[in-house]
Amino acid sequence: MKTYWFAFNEKSEIVVEKKAEGGYRIPFAETVPFAIKSEIITLPDLNGSPAKAVTIYGELPSTYSFSGLRDSYSILPFEEYYAAGKASELINFHTNIRFCAHCGKEMVRKTDISRVCTGCGKEIWAPVQPAIIVLVSKGEDEILLAKSKNFKRPYYGLVAGFVETGE
């Protein structure tokens, strides 16, 4: 069965496929068309088809290229972009949560959204990252946009940020 393959490299860039008729999409194939570096994570079905997330290494076939996740917003269909965000979140969770915060032993994957400690048995789930976004307007025709010096490209956006610990 054809599957959507949300594949990321070590820089957290996502693989996109150039469509023959123009535009881009998430790779959609029977088997993953790349060298896999991680375990396969199952995502919710997308458009009635299975979806999987992986990290990869090596060269890409010529019909594929890498895109920053934020950059992919302007080239991918919205439902694929939205699913790519969830895929990235789960890849980061399983890659970065390696040791138990309670006893220090190794954590292993229990489900696609949880890890369990090999020592004390503590189970944790992918964390929720609370964030805020605000629309500041002046009349009906003007809004305040922010530009961060950390953006790699000239992006402007609404005033937004993560909720800090204790807020």
Side-chain angles (χ1 to χ4, degrees), residues 1-98 107-115 124-135 143-163:
M1 174 177 263
K2 281 195 162 187
T3 299
Y4 286 94
W5 293 100
F6 291 87
F8 296 86
N9 66 9
E10 68 281 348
K11 297 177 191 171
S12 296
E13 296 169 317
I14 191 164
V15 175
V16 293
E17 178 179 10
K18 180 99 169 133
K19 295 190 287 187
E21 65 275 10
Y24 293 88
R25 68 174 301 154
I26 293 299
F28 189 59
E30 296 277 337
T31 59
V32 65
F34 320 106
I36 299 175
K37 185 177 180 181
S38 69
E39 294 181 51
I40 296 173
I41 297 172
T42 301
L43 302 169
D45 284 358
L46 179 62
N47 301 324
S49 295
K52 310 284 184 181
V54 295
T55 55
I56 62 168
Y57 64 92
E59 299 295 317
L60 294 177
S62 62
T63 56
Y64 301 100
S65 60
F66 288 111
S67 173
L69 188 56
R70 185 173 182 153
D71 293 337
S72 72
Y73 176 78
S74 61
I75 63 172
L76 289 175
F78 179 75
E79 63 277 359
E80 292 181 17
Y81 171 75
Y82 184 81
K86 187 63 171 176
S88 175
E89 177 186 338
L90 290 174
I91 291 281
N92 285 328
F93 171 66
H94 285 292
T95 301
N96 295 321
I97 306 299
R98 296 177 43 216
M107 300 286 289
V108 294
R109 184 170 133 183
K110 181 173 182 183
T111 70
D112 290 320
I113 61 169
S114 70
R115 295 183 72 73
I124 62 167
W125 290 265
V128 175
Q129 304 278 339
I132 60 141
I133 189 163
V134 179
L135 172 67
I143 62 171
L144 176 65
L145 295 176
K147 180 182 181 295
S148 172
K149 65 181 179 180
N150 296 329
F151 291 165
K152 294 179 182 173
R153 298 210 177 148
Y155 290 118
Y156 293 85
L158 296 175
V159 177
F162 289 97
V163 177

With a 6.0 Å cut-off (strictly less than), is the heavy-atom count around CD1 of Ile36, excluding the residue itself, greater than 12? yes

Nearest-0.5 Å distance, CD1 of residue Ile26 to OG1 of residue Thr3: 13.0 Å

Hey, does the side chain of Trp5 reach the backbone of Pro33 with a donor-acceptor pair shorter than 3.5 angstrom? no

Verify the neighbour count for atom OH of Tyr57: are there more than 12 heavy atoms of other residues, nucleotides or ligands below 6.0 Å? no

Should Leu46 and Glu80 count as side-chain neighbours, where that means a heavy-atom distance under 4.5 Å? yes

Minimum side-chain heavy-atom gap Val16-Ser65 below 4.5 Å: yes

Verify, without hydrogens or angle tests, whether His94 (side chain) and Ala126 (backbone) share a donor-acceptor contact under 3.5 angstrom. no

Separation between CG (Asp71) and OH (Tyr155), nearest 0.5 Å, reads 3.5 Å

Rounded to the nearest 0.5 Å, what separates atom OG1 in Thr31 from atom NZ in Lys2? 11.0 Å

Qualifying side-chain hydrogen bond (donor to acceptor under 3.5 Å, both in side chains) pairs, either residue in residues 11-30, two or more places apart: Asn9-Glu13

Side-chain touch Ile41/Phe6, heavy atoms, less than 4.5 angstrom: no

Side chain to side chain, Val134 and Leu144, heavy atoms closer than 4.5 Å: no

Side-chain heavy-atom pair Leu43, Tyr4 within 4.5 angstrom cut-off: no

Please verify the inter-ring angle class for Tyr64 with Phe34; under 30° counts as parallel, over 60° as perpendicular, anything in between as tilted. perpendicular

Within a 6.0 Å radius of atom OH on Tyr73, are there more than 12 heavy atoms belonging to other residues, nucleotides or ligands? no

Residues that Phe66 engages under ring-ring contact (aromatic ring centres under 6.0 Å, His included), provided they are two or more places apart: none

Would you say the side chains of Ser72 and Ser67 form a donor-acceptor pair under 3.5 Å? no

Can you tell me how far apart OH (Tyr81) and CD1 (Ile75) are? Round to the nearest 0.5 Å. 11.0 Å

If we ignore hydrogens and angles and just use 3.5 Å, is the side chain of Ser88 paired with the main-chain N or O of Gly85 as donor and acceptor? no

